[in-house]
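Everything on this sheet refers to the single structure shown next.
Below, chain A is the first sequence line, B the second, and so on; all start at residue 1.
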Number of protein chains: 2
Amino acid sequence: MRLSTKGRYAVTAMLDLTLQGGDGPVTLAEISETQGISLSYLEQLFACLRAKQLVRGVRGPGGGYYLGRPAEEISIADIICAVDEWVEFTRCGGNRDCRDGKRCLTHNLWDDLSNEIFNFLSNINLAQLVERGGLKEGGCIREKQKEATLPGGSGSQAA
Amino acid sequence: MRLSTKGRYAVTAMLDLTLQGGDGPVTLAEISETQGISLSYLEQLFACLRAKQLVRGVRGPGGGYYLGRPAEEISIADIICAVDEWVEFTRCGGNRDCRDGKRCLTHNLWDDLSNEIFNFLSNINLAQLVERGGLKEGGCIREKQKEATLPGGSGSQAA
DNA sequence: TTAATACCAAGTAATGCACTTGGTAATTAA
DNA sequence: TTAATTACCAAGTGCATTACTTGGTATTAA
């Protein structure tokens with residue numbers, strides 16, 4: 001299982017979609033503005049999500065995206081797997097003869113860790129995620145904040 | 001906590017060092033050949049490991065590397081943190097006002113997952129890793145396999 | 001003195017991420 | 001019918017990181 005910022009963007013966008021999706025479809029333009037993710041990048045992410053039927057797109061004015069199925073039935077692992085695709089932690093691509101016929105030294109370790117992470121993320125769905133932080137009353141959602149504070153974005157956010 | 005191939009290289013190399021380190025120091029050249037990792041890249045990784053005192057280098061002919069402390073006292077998390085350095089899973093670099101004064105939507109999720117992974121990797125040390133797979137009798141170790149099968153390496157291991 | 005090793009710094013090719021640009025297709029509202 | 005709005009699509013760009021290369025210097029055993 002791979003964990004990158006890409007997967008995190010996708011989860012954030014899906015969470016936004018869950019929160020706003022009560023009345024009608026949500027446009028990518030809205031998600032882009034609220035979450036500070038570029039529109040075209042969202043399009044790419046949603047192309048992956050759509051391929052896995054995690055979202056459903058509606059074209060034309062008044063269109064946008066719906067969740068592909070109830071929020072209770074979409075796990076975080078589903079989302080991450082859709083955009084990041086499953087990448088083994090092992091170097092050998094999953095086959096057993098990675099190092100000259102022998103399993104590579106740390107194969108089992110990464111296997112176990114991968115399962116650990118997958119289980120953790122499989123047991124959390126979008127509905128639970130909404131519950132957990134009391135996000136709904138948070139002003140975080142759909143406040144049309146201006147992007148003035150995100151010039152180029154990124155920047156150095158190490159520490 | 002960041003999980004990249006870099007960290008996996010480091011763990012693999014440290015595991016090799018643990019297995020071979022019984023009698024005298026182990027040279028990077030040996031690890032390079034056995035594990036199929038370039039010598040100079042190993043040097044860079046070991047510079048990080050040395051800085052965190054996870055290994056101890058001995059110069060000159062007959063030199064090489066020792067573990068910096070007993071294998072029981074070196075966790076996988078120690079190794080990965082040494083080379084990958086700790087990177088928050090959250091987008092905001094750890095501060096609480098990531099999105100206009102509010103914590104970003106999925107902050108808690110990544111926080112929890114990060115802890116989950118860290119705990120998992122903290123509870124496994126090199127000695128346990130050696131035990132677990134019966135690696136010692138495996139022919140995997142120090143067989144002087146030729147690198148003919150690893151031309152450019154990498155390749156596409158998605159799927 | 002030589003060879004083997006660690007140690008060091010700079011540069012390079014490949015990759016993936018986040019984004020940009022410039023479209024086409026479908027649908028609604030005028 | 002037309003225009004606007006949205007999803008949908010493909011190619012390319014800048015950047016950071018990865019994994020590696022090159023070309024050294026420092027230390028020490030033989």
Side-chain angles (χ1 to χ4, degrees), chain A residues 2-10 12-13 17 24-33 35-51 53-66 68 80 83-85 87 91 147 150-158, chain B residues 2-10 12-13 17 24-33 35-51 54-66 68 80 83-85 87 89 91 147 150-158:
Chain A
R2 176 148 159 191
L3 288 166
S4 68
T5 48
K6 193 177 177 184
R8 279 169 261 169
Y9 272 116
T12 302
L17 183 51
V26 182
T27 66
L28 292 188
E30 289 175 291
I31 297 176
S32 170
E33 203 173 347
Q35 299 302 331
I37 307 171
S38 94
L39 179 58
S40 285
Y41 195 45
L42 277 176
E43 285 179 350
Q44 287 175 38
L45 296 179
F46 273 69
C48 298
L49 295 170
R50 189 160 36 79
Q53 262 127 32
L54 298 180
V55 296
R56 185 166 49 86
V58 177
R59 292 185 175 192
Y65 279 97
Y66 292 99
I80 291 180
V83 299
D84 262 337
E85 70 205 50
V87 175
R91 291 180 61 205
E147 290 308 304
L150 289 175
S154 65
S156 62
Q157 57 200 35
Chain B
R2 175 148 158 194
L3 288 166
S4 67
T5 49
K6 194 176 176 186
R8 278 170 262 168
Y9 272 118
T12 303
L17 182 52
V26 181
T27 67
L28 292 188
E30 288 175 293
I31 298 176
S32 171
E33 203 173 347
Q35 299 302 331
I37 307 171
S38 94
L39 179 59
S40 286
Y41 196 43
L42 277 176
E43 286 179 349
Q44 287 174 38
L45 297 178
F46 273 68
C48 298
L49 296 170
R50 190 160 35 80
L54 297 180
V55 296
R56 185 167 49 87
V58 178
R59 292 185 174 192
Y65 280 97
Y66 292 99
I80 292 180
V83 298
D84 262 338
E85 67 207 52
V87 176
F89 267 150
R91 290 180 61 204
E147 290 308 304
L150 289 175
S154 66
S156 62
Q157 58 199 34

Taking the side chain of [X] as heavy atoms from C-beta outward, which of [options] is closest to it?
{"X": "A/T27", "options": "D/dT6, C/dA6, D/dC20", "answer": "D/dT6"}
{"X": "A/L28", "options": "C/dT27, D/dC20, D/dA7", "answer": "D/dA7"}
{"X": "B/K6", "options": "D/dT28, D/dT21, D/dT18", "answer": "D/dT18"}
{"X": "A/S40", "options": "D/dT5, C/dT20, C/dA6", "answer": "C/dT20"}
{"X": "A/Q44", "options": "D/dA11, D/dC20, C/dA3", "answer": "D/dA11"}

Test item: B/F46 and B/I31 side chains (from C-beta on) under 4.5 Å apart, heavy atoms: yes
Describe the nucleic acid contact of B/L39 in one word from base, sugar-phosphate, nothing, applying a heavy-atom distance below 4.0 Å. nothing
Length of the [atom1]-[atom2] vector between [X] and [N], whole Å:
{"X": "A/L42", "N": "D/dC9", "atom1": "CG", "atom2": "P", "value": "16 Å"}
{"X": "A/Y9", "N": "C/dG16", "atom1": "OH", "atom2": "P", "value": "18 Å"}
{"X": "A/L49", "N": "D/dC8", "atom1": "CG", "atom2": "C1'", "value": "14 Å"}
{"X": "B/Y66", "N": "C/dA6", "atom1": "OH", "atom2": "C1'", "value": "13 Å"}
{"X": "B/F46", "N": "C/dA9", "atom1": "CZ", "atom2": "P", "value": "19 Å"}
{"X": "B/Q35", "N": "D/dA19", "atom1": "CD", "atom2": "P", "value": "15 Å"}
{"X": "A/L45", "N": "D/dA10", "atom1": "CG", "atom2": "P", "value": "16 Å"}

Would a distance-only check, ignoring hydrogens and angles, find a side-chain to backbone donor-acceptor pair under 3.5 Å from A/E30 to A/T27? yes
B/S32 side chain to B/I37 backbone, donor-acceptor under 3.5 Å: yes
Given that A/R59 and A/E43 both sit by DNA chain C, which one's nearest nucleotide is further toward the 5' end? A/E43
Distance check: side-chain N/O of B/Y41 vs OP1/OP2 of D/dA19, anything under 4.0 Å? yes
Is any side-chain nitrogen or oxygen of B/R50 closer than 4.0 Å to OP1 or OP2 of C/dC7? yes
Would you call the rings of B/Y9 and B/Y41 parallel, tilted or perpendicular if under 30° counts as parallel and over 60° as perpendicular? perpendicular
What heavy-atom pair brings B/L45 and B/V83 nearest, and what distance separates the two atoms? O-CG1, 3.9 Å
